[in-house]
Amino acid sequence: MKIYNTFTKTKEEFVPIEPGKVKIYVCGPTVYSFIHIGNARPIVVFDVLHRYLEYKGYEVTYATNFTDVDDKIIKRANEEGVEASVISERYIGEYLKDVEGLKTAKADCRPKVTEEIGGIIEMIKTLIEKGYAYEKNGSVYFSTTDFKPYGLLSGKKLKELEAGARVEIDEEKRNPSDFVLWKPAKPGEPKWASPWSEGRPGWHIECSVMSKKYLGDTIDIHAGGDDLIFPHHENEIAQSEAANGKKFVNYWMHNAMLTISGKKMGKSEGNFLILRDIIKDFSYDVIRFLILTVHYRSPMNFSRDLMEAAETSLTRIRTAYSNLKFRRDNAKTEELKEEEQNSLNELQKYITMFEESLDDDLNTANAVTAVFELVKFSNVSVLENSSKAQAQAFIDVFDKLADVLGIKLEETVEIGSEKIEALIAERQLARKNKDFAAADRIRNELSDMGITLNDTPEGVKWTYKEKK
RNA sequence: GGCGCCAUGGCCAAGUGGUAAGGCAAAGGUCUGCAAAACCUUCACUCCCGAGUCCGAAUCUCGGUGGCGCCUCCA
């Protein structure tokens, strides 16, 4: 499998540190509100990476954190007049609901910063001892000029950074590009005791500490949004490599931003759409599917029109799948017929196409295309007179590929199927008596419930789609 | 100001040297009581513009134009 490594700016053959095992760290959310749909992109993309590596037989350890102490959380807590932990716990809960909905709940661990303070203090101590960090008035800063490789990931040069007008001037820092590892608490802010002051950690140090604790000094893949390349990931490298004296990450993966009307969607930009709001009109599956139709390193412009198109596309896949199940359950022949053997041999072609796509830097867009090609092939191959064995073979391939992409092939029916069957039987009777007005009335009634009927020579087939 | 990325049909989107995947939308047809689904057919002599390299370029080089991102919290 080839992976584009942001550090080397090339696609590289993926070779894990330990054969058969992969350690992945993905930067998680700061929990001060609901996530927006842009946040869903890395969650979905790197979940597919996780699933695909497992599909290929790797044993994956996947860690993603919660930043549960931060200025924004404190601000929100002050606005509501509650403890910071009330805010963070609330949005961790909401985040997990979204993660569940997106079918991305496979992470092995989700550490929280507030539960890792001890480890953070230890790493800061080490950095001071090794001469990479210094204390000033209760704050501790990382000295960027003392870490020679600083800037290699982002391609920034310290000189340029200093020349930039946007670097905050801070009298305590030796260099404008130095960043905070520990800062003293202001009155009323959450705080922990440390050798330097009662305070809390800076943002960047947490990921270095948690990655080390849960995955080790050197990990295979570290991933996140491309807006984290600088300064967050650059700083993580500096901290981890300075403290551990070892290479931090072998492959850096970054997803491009989700845009809206061509502009980056961001909480600071104020042009974001909350995932929960989108889910009122579309299912989680649709946003997940839409995200997969674009390569993860290309910017993706979000719109409702795209969601609608994605929903229709997804329905095409689901319809093909449900047709297969219908054919299987109504098949007149059990055993595979001789003439069907060719189609089964050809199935492998689609699996290969699917795998080659994902092997090429996780090209989910082409993997989805492979699924569409499979849909087409299935529609022309598995017919009324097909055997149960043939239909099942196709179903197995659908299941296999959909599982990697995390696409749900069937919607859960929320209505009692006895009721549906009764109405269908009633309509069939009406049709038999040529009372088409009554038949159509029942069909409309079912349609209002989200049931679409399909009259076939083998009987009536129905599919369910949740009404929004 | 510095660094980097992108520009493919009505919409979305793969493709990074060998002659334009796929999805949505649209048009016609088959099937059907009508539908739905499915199938068949049609839908970019062309990939922002100009020049160059090459037997050959959407793909490489140079120059434009337009758009975006990072340099500050951000997925």
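Every chain is numbered from 1 and lettered A, B, ... according to where its sequence line falls, protein lines coming before strand lines. What you are looking at is a predicted structure, and each value in this text was computed from that prediction instead of being measured. Below, each value reflects all heavy atoms present in this structure, side chains not excepted, and no hydrogens, waters or symmetry copies.
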Reading RNA chain B 5' to 3', how would its secondary structure be written in dot-bracket notation, given Watson-Crick and G-U pairs with both distances under 3.5 Å, brackets [ ] for crossing pairs and | for partners on other strands?
((((((((.[[[..)..(...]]].(((((.......))))).....[[[[[..)....]]]]])))))))....
Validation: residues 306-316 of chain A side-chain donor-acceptor distances under 3.5 Å, sequence neighbours left out:
from, atom 1, to, atom 2, distance (Å)
A:Thr312, OG1, A:Glu308, O, 2.9
A:Ser313, OG, A:Ala309, O, 2.9
A:Thr315, OG1, A:Glu311, O, 2.8

Just list the side-chain donor-acceptor pairs under 3.5 Å for residues 377-388 of chain A, sequence neighbours left out, or say none.
from, atom 1, to, atom 2, distance (Å)
A:Asn379, ND2, A:Val375, O, 3.4
A:Ser381, OG, A:Phe377, O, 2.6
A:Ser386, OG, A:Leu383, N, 2.8
A:Ser386, OG, A:Leu383, O, 3.2
A:Ser386, OG, A:Gln390, OE1, 2.9
A:Ser387, OG, A:Glu340, OE1, 2.6
A:Ser387, OG, A:Gln390, N, 3.1

Ordered by number, residues from residues 399-407 of chain A within less than 4.0 Å of RNA chain B (heavy atoms) are none
How does each nucleotide of nucleotides 32-44 of chain B score, in 5' to 3' order, for protein heavy atoms under 4.0 Å: base (B), sugar-phosphate only (S), or none (-)?
-BBBBSSSS----
Where protein sits on nucleotides 5-18 of chain B, one letter per nucleotide: B base, S sugar-phosphate only, - none, heavy atoms under 4.0 Å
-------SSSS---
Sequence-distant partners of [X], ring pair (Phe, Tyr, Trp, His ring centres under 6.0 Å), two or more places apart:
| X | result |
| --- | --- |
| A:Tyr284 | none |
| A:His50 | A:Tyr62 |
| A:Phe66 | A:Tyr95 |
| A:Tyr4 | none |

Only pairs under 3.5 Å count here: list side-chain donor-acceptor contacts from residues 22-44 of chain A, not counting sequence neighbours, and write none if there are none.
from, atom 1, to, atom 2, distance (Å)
A:Lys23, NZ, A:Leu215, O, 3.0
A:Tyr25, OH, A:Asn65, OD1, 3.1
A:His36, ND1, A:Asn39, ND2, 3.4
A:Arg41, NE, A:Ala256, O, 3.2
A:Arg41, NH1, A:His295, O, 3.4
A:Arg41, NH1, A:Ser298, O, 3.3
A:Arg41, NH2, A:Ala256, O, 3.1
A:Arg41, NH2, A:Met257, O, 3.3
A:Arg41, NH2, A:Ser298, O, 2.5

Contacts of A:Ala105 that satisfy side-chain contact (heavy atoms from CB on, under 4.5 Å) - sequence neighbours left out:
A:Val99, A:Glu100
